[in-house]
Colleague: 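This structure is in structure tokens; I'll ask about it shortly.
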Amino acid sequence: MHGTGLLLRDGCLDTTHRAVQGPVPSSPTRCPQRHDPQHLGLGLRRGEALGLRWGDIDLENGYLNVVQSLQRSRGELRLKSPKTDTSRRRVVLPGFCIDALIRHRASEREKFASLGLPIDQATLAFTSQAGTAIEPRNVNRAFEALLKKAKLRRVKLHDLRHTCASLLLAEGVAPRVVMELLGHSAIAVTMNTYSHVIPALQDESAKRMDALFGDENTKLRETE
């Protein structure tokens, strides 16, 4: 998926918006392959990415608001509010995500124009070829097809979210920041889920402390 990756009322961000609970029209057509950077670069859940609307995206200031999730419930696609307060969050966009979203927005505008459909702040950011909500399972299928085409081993789409967290922790990002990015309910969830990264973080912390205070001790060890 080569793009990436977001609610405005009367032109202003509305972070208190409650997601629509009714069914959302969908289409069986193949979904565009433009979601992976959101999972990998932002750690979004699948439903969170599919529930983003253009009004949730502020490309000028470089952030998005997660305020709803697209899920299949009782046989219908529905936009639902996040289950927890921490899932409702603001996420700062990396530069490559902003660039990809700009390209994707241009592509969506072109598609909607060809379909004779309006596109505004309430329009879903990621839609099918018919301009409707994307069936979540189709995203998984498209991702699997991409892996097969690239001759990569099969992994789950959700694994990109885990990869995002692991990479950030390995790069020294504070676990509390990773927790907020992923929308975890508690820091313990983050630490327990990514405990495999902790030993490497401890090694890195020792190296940093050594860089601060270790010169003299290193010389002592060399003379022994």
Side-chain angles (χ1 to χ4, degrees), residues 1 4-6 15-19 35-52 56-57 62-73 77-97 100 126 134 136-144 146-147 150 152-214:
M1 299 183 183
T4 180
L6 298 167
T15 57
T16 62
H17 169 79
R18 299 294 294 176
H35 312 85
D36 286 2
Q38 290 212 58
H39 298 284
L40 182 58
L42 304 179
L44 296 184
R45 300 175 178 93
R46 181 184 64 180
E48 292 173 344
L50 294 180
L52 294 172
D56 299 319
I57 312 170
Y63 66 84
L64 64 83
N65 287 320
V66 177
V67 297
Q68 61 184 11
S69 178
L70 181 69
Q71 300 176 21
R72 179 162 288 282
S73 176
L77 288 181
R78 296 174 179 269
L79 290 169
K80 295 188 174 184
S81 297
K83 293 182 179 179
T84 64
D85 289 339
T86 53
S87 292
R88 182 187 295 273
R89 61 198 186 277
R90 174 172 293 188
V91 179
V92 177
L93 295 167
F96 75 91
C97 285
F126 298 97
I134 294 175
R137 289 172 295 184
N138 286 347
V139 179
N140 293 59
R141 295 186 184 109
F143 179 62
E144 290 172 1
L146 250 161
L147 292 175
L152 296 174
R153 68 182 179 87
R154 184 175 180 179
V155 297
K156 296 179 181 179
L157 179 68
H158 194 74
D159 290 339
L160 296 185
R161 175 173 160 86
H162 294 315
T163 299
C164 172
S166 297
L167 288 174
L168 290 174
L169 290 169
E171 287 296 311
V173 176
R176 181 78 188 185
V177 174
V178 176
M179 180 203 84
E180 293 172 351
L181 175 68
L182 297 181
H184 284 162
S185 58
I187 189 67
V189 175
T190 307
M191 300 303 288
N192 291 337
T193 304
Y194 303 103
S195 58
H196 60 284
V197 185
I198 303 303
L201 297 181
Q202 293 174 340
D203 291 342
E204 182 61 26
S205 67
K207 291 178 182 178
R208 293 191 179 188
M209 289 300 290
D210 210 26
L212 290 172
F213 304 108

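Keep in mind the model is a prediction, meaning the values are calculated, not measured. Only this structure's heavy atoms are used, side chains among them; waters, hydrogens and symmetry mates stay out.
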Colleague: Give the intermediate values and the outcome of side chain to side chain contact (heavy atoms under 4.5 Å, CB included) for residues H196 and S166.
Modeller: CA-CA 9 Å; H196 60 284; S166 297; 3.4 Å; yes
Colleague: Got a sec, which residues hit side chain to side chain contact (heavy atoms under 4.5 Å, CB included) with D159, two or more places apart in sequence or on another chain?
Modeller: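 Testing D159 for side chain to side chain contact (heavy atoms under 4.5 Å, CB included), a comparison that skips the adjacent residues, returns V155, K156, H162.
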Colleague: Evaluate F126 against V139 for side chain to side chain contact (heavy atoms under 4.5 Å, CB included), listing each step before the verdict.
Modeller: CA-CA 11 Å; F126 298 97; V139 179; over 6 Å; no
Colleague: For R154, give me all partners under side-chain hydrogen bond (donor to acceptor under 3.5 Å, both in side chains), at least two apart in sequence or on another chain.
Modeller: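 Testing R154 for side-chain hydrogen bond (donor to acceptor under 3.5 Å, both in side chains), a comparison that skips the adjacent residues, returns E144.
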Colleague: What are the two closest heavy atoms between L50 and L70, and how far apart are they?
Modeller: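 What the structure gives for the nearest pair is CB-CD2, 3.8 Å.
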Colleague: In Å and rounded to the nearest 0.5 Å, what is the OG to CZ distance from S69 to R45?
Modeller: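 Going from the OG atom of S69 to the CZ atom of R45 covers 8.5 Å.
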Colleague: Quick one: list whatever passes side-chain hydrogen bond (donor to acceptor under 3.5 Å, both in side chains) with R137, sequence neighbours left out.
Modeller: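 Checked R137 against side-chain hydrogen bond (donor to acceptor under 3.5 Å, both in side chains); matches are E135.
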Colleague: What heavy-atom pair brings Y194 and A165 nearest, and what distance separates the two atoms?
Modeller: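 Nearest heavy atoms, Y194 then A165: CZ-CB, 3.4 Å.
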Colleague: Distance only, no hydrogens: is a donor on one side chain within 3.5 Å (strictly under) of an acceptor on the other, for N65 and R88?
Modeller: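 On atom types as modelled, these side chains do not qualify, holding no pair under 3.5 Å.
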Colleague: Do R161 and L182 pass the side chain to side chain contact (heavy atoms under 4.5 Å, CB included) test, and can you show the C-alpha distance, the side-chain angles, and the key distance before you say yes or no?
Modeller: CA-CA 8 Å; R161 175 173 160 86; L182 297 181; 3.7 Å; yes
Colleague: If the condition is side chain to side chain contact (heavy atoms under 4.5 Å, CB included), which residues does L181 pass it with, not counting sequence neighbours?
Modeller: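 Once residues adjacent in sequence are excluded, the partners of L181 under the side chain to side chain contact (heavy atoms under 4.5 Å, CB included) criterion are V91, C164, L168.
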Colleague: Go through the side-chain N and O atoms of T84 and S87 and say whether any donor and acceptor fall under 3.5 Å apart.
Modeller: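 Side chains of T84 and S87: pair found under 3.5 Å.
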Colleague: Which pair of non-hydrogen atoms, one from P175 and one from M191, has the smallest distance, and what is that distance?
Modeller: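 Looks like CB-SD, 3.5 Å.
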Colleague: Taking only residues two or more places apart in sequence, or in another chain, which ones meet S73 in a side-chain hydrogen bond (donor to acceptor under 3.5 Å, both in side chains)?
Modeller: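 Counting only residues at least two positions away or on another chain, S73 forms a side-chain hydrogen bond (donor to acceptor under 3.5 Å, both in side chains) with K80.
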Colleague: Show every salt bridge (Lys or Arg N to Asp or Glu O under 4.0 Å) that has at least one partner inside residues 176-194, sequence neighbours left out.
Modeller: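 Sorted result for residues 176-194: R176-E180.
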Colleague: Taking all heavy atoms of E48 and all of L52, pick out the closest pair and write down the distance.
Modeller: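 So the two residues come closest at O-CG, 3.2 Å.
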Colleague: Any chance you could lay out the side chain to side chain contact (heavy atoms under 4.5 Å, CB included) test for L64 and R90, step after step, and finish with the verdict?
Modeller: CA-CA 6 Å; L64 64 83; R90 174 172 293 188; over 6 Å; no
Colleague: Do any N or O atoms from the side chain of T86 and from the backbone of H184 form a donor-acceptor pair under 3.5 angstrom?
Modeller: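 At least one qualifying donor-acceptor pair exists.
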